[in-house]
Asker: 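One structure follows; several queries about it will come next.
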Amino acid sequence: MAEVVPLCLPSFSFVLMVNRVTQQLNLQDGDRFIILYGNQTSDSFCSPDLTLQDIEQVLHQYLQQQGFNRIVYYSGVDKLYFLDRTSLELSRNPDLPSGGHSSETMNLDSQSIPLGKRRRMLRRTSPASSSPSPSRTPPSRLQDIQCISYLNYFMEDSRHKTAIIFSDVEDLQQFQNRRELLGRMVKWGRLPASHKNLCVFISHHHNQSQFQEFCRQIGFTLLANWLENRGDRTFNVIQLNSPEEDELKHLWNYFRIVQKKPVNWQDFNQFITTLAAEKQPLKTWYDRFNLAPELSLQVAKQRQWLSGDITLKPALMRLEELVGLHQVKNAIRRKIQSLKIAEERRKQGIASDAKRLHLVFKGNPGTGKTTVARLVGEIYRDLGLLRRGQVVEVGGRDLVAGYVGQTSILTNERVDEALDGVLFIDEAYQLNRGGENDFGQQAIETLLKRMEDERERLAVIVAGYPQEMDEFLATNPGLESRLATEVIFEDYNPEELYAILQQRLARVQGQVSPPLEAGLKNLFQRVYEERGAQFGNGRFVENLFNDMDELRSQRVEEQQLDPIQEPFQLADLPPQYSQLAQQGRRNDDQLQTYLEELQRLTGLESVKAVVCQLIDTQIANQRLQDTGLLNVAEVESRHLLFVGNPGTGKTMVARLLGKIYRVLGLLRKGHFKEVTRQDLVGQYVGHTAEKTKQVVEEALDGVLFIDEAYSLSRGGTTHDFGQEAIDTLVPLMENYRDRLVVIFAGYPQEMTEFLKANSGLESRLAQAIYFPDYQGDELYQIWQGFCQRDGRCYSPEVAQLVREQLQTLYQSRGANFGNGREVRKFYEAMVKGLKQRIVRDNLNGEAMMQFMMEDIPQI
């Protein structure tokens, strides 16, 4: 059995008003003029009795209920007309005082003056007391000069409470005697306060600024100046907006009750609030409702009535489902809880500070500030803190006009549009960046006052970069006090960036191939590590997806693949990201190449063994991590200590280690930066820390090789800053342990003393690698390597003598033996002797590249 819904018609014992027209009218405010403006003045308006009216009829009903018994309308087409018999009767045969403007007989009758206007009734016809239909006999047209006399008489006649309504104020531009009419209006403005007659203007101008400019153009400076000098008064100058929830409920009830339109009761509240937030005219909703098979959110989605995705999930739940934003979610929860407690105190009559819904959003682009602002509007609405919860989005400069007096009007109009919802001001600091002659400060002052005056109906959210927002808030104490709640939007980390991309892929049922998945994760890691202040976060992901989708579409078309099922591939990555996606990933082929290069080094067998052990450790860590078995506490530091005499291959191995770590995926670049004491130590206090940090930043994602590191702790004077370099470097080694390998190198004894310079230094080093001196045969192998490199040859006799000489060199070595450097000097001396023979003996051909016994220097 179908559910029976009680048929509830509205009670007509109360005033049947349309709030968006009448709620800002205040006839006790002393205003002689009332202005209604905006695009919605041509809209239809649905009253609680389910009657659709135009703005003239709404005003007519309101004015009658306020005691006005003569209501006169003027338009350029109809001239003077009335909507009720009483107003017509009170306007007939006016008894003009002597000196009246016209000597013509002014006899208004129903044949010459239109009476009543066609009403578009939704539920019923007008009551029996309403005006009869207009006469079918075409009325004779009044001239504008006659209208002036009538209007002036009606306005000055205090016997009957009179309202004159100019139904289209733009008609005044074509008024034949405009100057005289405007002069009469000046006199109307000077009528005494006890005189309650008033004049209503209906304008189609979009905003107050345009209306003021129009008044000045036609010479109506009285009204323009009156508007400009109203100050903070908000009554009786009304910008008509789109229908609010109450009016849409009336329209919904009409279609449900009268037209028997099927409705969905379960989503009724969200259906109405969602439509209200769309800010469409009532005429639009009338036509849509009329054609719809059912009034429900599902139909609204199907027929594309809505500008965004609408879900039945509560806004707070949708906030929790957003990727990342942990600090944001915690801050919003705390704010909601404090507002709930404050509201409960208010209900129990406990005095508390006035609730403030305003927020500051600080974060880089693409971190979800706009998305969260929209959810906050819905959350406030669901909690009963705001009636509609719609979001009006503006930029800081959107509130600033170009000439005096207009900025306040423009700011107030934006606030009016956002009332009962959220005014979201992105890059709010642009308000005070316009220079000396800018009106941004006026916008701030206007905004601050409205934030305080409308704190029960308005939430202002200002957003922008963290540092700029701090500077902006510090410029005005009122900003800091009214915007005390800050919400910090952190950059998305690599895992969150990939999760956002997965959400975007899910919307098109897209899949990614395993190689692309690995590349994307690596890409997000790289861009996150290198991000700057302009990093796009979610916007970067959205742009990346769009580029990938275009490349995939092209590939699918060219290769005739399934447009839906074909996964995204590595080939679909934009060229500017393809190489970056491959950086930092393990490459086994290149790893083998570098290992072979390591093994080809002369001697250093103990060093090679330790380096291979380090490589095996890192590969094992990667495998454990892939299976989820790696304990973070087990991850070893990568920083090293190279101990040995000069020329033992420390620099060569350090360069090679950077390349190996790169192909292992441990370092993104693997580049090599070699520095000494003078590159790190400055000349005055603070200079050393600055230089050291700069060196570290340049070495990030590679190897920082500090040769003769012990010189940092050997300044020799009390004014030396070497110790400051060490103290600066040690914490940076920990902070960048995943992006940097620091290698300290030097003599054995001196490096032992160096480690004592900072208590945390030794604990940050993974291992000390000792580079032994090369023995005689190893020195000979190094010499052979130089000859092979340069293409020089020698006889067995020369080779034997060189071996003997280098053996002697090794056996007689001292504490500062140069090892490979000594061999290089020995080789270079032989080259010099060969070149002397080339010139002396005029050698040619192979003889120019062959060493002789006489080229061998004596040791």
Side-chain angles (χ1 to χ4, degrees), residues 515 518-519 521-522 525-526 529 581-644 648-674 699-707 709 733-734 736-746 751 761-772 774 778 781 785 820:
K521 289 181 178 179
N522 191 60
Q525 183 69 38
R526 302 281 80 78
E529 290 172 353
Q582 299 301 314
Q583 289 183 355
R585 296 179 62 199
R586 179 172 159 184
N587 187 319
D588 289 334
D589 292 338
Q590 281 193 322
L591 175 61
Q592 187 60 38
T593 299
Y594 291 138
L595 286 175
E596 291 172 358
E597 184 178 342
L598 175 67
Q599 294 302 326
R600 286 196 299 269
L601 294 177
T602 301
L604 301 177
E605 298 306 323
S606 61
V607 173
K608 295 174 185 177
V610 174
V611 171
C612 288
Q613 184 182 34
L614 290 173
I615 294 171
D616 290 343
T617 299
Q618 299 302 333
I619 293 176
N621 284 341
Q622 290 176 334
R623 291 180 180 176
L624 288 168
Q625 185 176 17
D626 291 341
T627 57
L629 299 175
L630 181 64
N631 187 339
V632 178
E634 294 179 1
V635 178
E636 301 84 359
S637 172
R638 298 172 191 157
H639 309 304
L640 298 167
L641 187 69
F642 281 9
V643 179
T648 49
K650 298 187 293 296
T651 304
M652 188 183 307
V653 172
R655 289 181 186 275
L656 190 54
L657 194 60
K659 297 176 182 179
I660 291 172
Y661 275 7
R662 176 177 61 81
V663 298
L664 281 173
L666 301 173
L667 293 175
R668 188 175 65 82
K669 298 178 181 178
H671 63 294
F672 181 82
K673 183 172 182 61
E674 182 177 0
L700 283 178
D701 303 309
V703 172
L704 176 61
F705 184 79
I706 306 176
D707 200 11
M733 292 168 62
E734 182 64 23
Y736 295 116
R737 60 181 301 178
D738 294 330
R739 297 187 60 193
L740 181 69
V741 173
V742 178
I743 300 178
F744 299 99
M751 293 304 293
L761 184 57
E762 189 169 6
S763 65
R764 286 168 172 78
L765 297 173
Q767 192 166 354
I769 301 179
Y770 292 91
F771 287 71
Y774 289 110
E778 293 170 340
Q781 292 175 22

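Values in this document were obtained by computation on a predicted structure and should not be read as measured data.
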Asker: Can you give me the closest heavy-atom contact between V611 and V653, atom names plus distance?
Answerer: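 Scanning both residues completely, I find the closest heavy atoms to be CG2-CG1, 4.2 Å.
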Asker: At what distance, to the nearest 0.5 angstrom, does CD1 of I743 lie from CZ of R638?
Answerer: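 Result: 12.5 Å between the selected atoms.
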Asker: Going from CD on Q592 to CD1 on I660, what distance comes out if it is rounded to the nearest 0.5 angstrom?
Answerer: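 Atom-to-atom, Q592:CD and I660:CD1 are 10.5 Å apart.
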Asker: Checking the side chain of S637 only, and the main-chain atoms of R764 only, is there a donor and an acceptor separated by less than 3.5 Å?
Answerer: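 Yes: the side chain of S637 pairs with the backbone of R764.
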Asker: Distance from L740 atom CG to K673 atom NZ, nearest 0.5 Å?
Answerer: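 Here the rounded value is 11.5 Å.
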Asker: Is any side-chain heavy atom of R737 closer than 4.5 Å to a side-chain heavy atom of E734?
Answerer: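 Of all side-chain heavy-atom pairs linking E734 with R737, at least one is under 4.5 Å.
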Asker: Residues in ring pair (Phe, Tyr, Trp, His ring centres under 6.0 Å) with F771, at least two apart?
Answerer: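 Only F642 meet the ring pair (Phe, Tyr, Trp, His ring centres under 6.0 Å) criterion with F771.
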Asker: Does E762, at its CD atom, have more than 12 non-hydrogen atoms belonging to other residues, nucleotides or ligands within less than 6.0 Å?
Answerer: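 Open: at most 12 neighbouring heavy atoms sit under 6.0 Å from CD of E762.
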Asker: Show your working on side chain to side chain contact (heavy atoms under 4.5 Å, CB included) between L604 and Y774 and close with a plain yes or no.
Answerer: CA-CA 8 Å; L604 301 177; Y774 289 110; 3.6 Å; yes
Asker: To the nearest 0.5 Å, what is the distance between CD (Q618) and CG (L664)?
Answerer: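 Between Q618 CD and L664 CG, I get 7.0 Å after rounding to 0.5 Å.
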Asker: Just verifying a value: how many Å separate F744 CZ and L640 CG, rounded to the nearest 0.5 Å?
Answerer: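 Those atoms lie 10.5 Å apart.
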Asker: Can you tell me how far CG of L641 sits from CE of M751, rounded to the nearest 0.5 angstrom?
Answerer: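 One finds 4.5 Å between CE of M751 and CG of L641.
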Asker: Could you walk me through whether F672 and T651 pass the side chain to side chain contact (heavy atoms under 4.5 Å, CB included) check?
Answerer: CA-CA 10 Å; F672 181 82; T651 304; 3.9 Å; yes
Asker: For Q599 and C612, work out which heavy atoms get closest and say how close.
Answerer: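 Shortest heavy-atom separation between Q599 and C612 comes out as NE2-SG, 3.8 Å.
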Asker: Between L614 and I769, is there a side-chain heavy-atom distance shorter than 4.5 Å?
Answerer: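 Result yes, sub-4.5 Å side-chain heavy-atom pair found.
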Asker: Between L657 and V703, is a side chain to side chain contact (heavy atoms under 4.5 Å, CB included) present by the stated rule, with each step listed?
Answerer: CA-CA 8 Å; L657 194 60; V703 172; 5.6 Å; no
Asker: In chain order, what residues pass the salt bridge (charged side-chain N to carboxylate O under 4.0 Å, His left out) check against K650, with sequence neighbours excluded?
Answerer: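 If we apply the salt bridge (charged side-chain N to carboxylate O under 4.0 Å, His left out) test to K650, skipping adjacent residues, there are no hits.
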Asker: When you compare the side chain of L591 with that of I619, does any pair of heavy atoms fall below 4.5 Å?
Answerer: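 SC-SC contact between I619 and L591 confirmed.
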Asker: For Y594, give me all partners under ring pair (Phe, Tyr, Trp, His ring centres under 6.0 Å), at least two apart in sequence or on another chain.
Answerer: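 Not a single residue meets the ring pair (Phe, Tyr, Trp, His ring centres under 6.0 Å) criterion with Y594.
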Asker: Test your reading of the model: is there a side-chain donor-acceptor pair from K669 to the backbone of A699, 3.5 Å cut-off?
Answerer: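 Flag not set: sc K669 to bb A699 has no pair under 3.5 Å.
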Asker: Please report the shortest heavy-atom distance between L667 and D701, naming the atom on each side.
Answerer: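 Nearest pair, atom of L667 first, then D701: CB-O, 3.6 Å.
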Asker: Specify the closest pair of heavy atoms between K608 and L601, including all atoms of both residues, with the distance to one decimal.
Answerer: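 Nearest pair, atom of K608 first, then L601: NZ-O, 2.6 Å.
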Asker: What are the two closest heavy atoms between M733 and V742, and how far apart are they?
Answerer: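 Looking at all heavy atoms of both residues, the shortest contact is CG-CG2, 3.9 Å.
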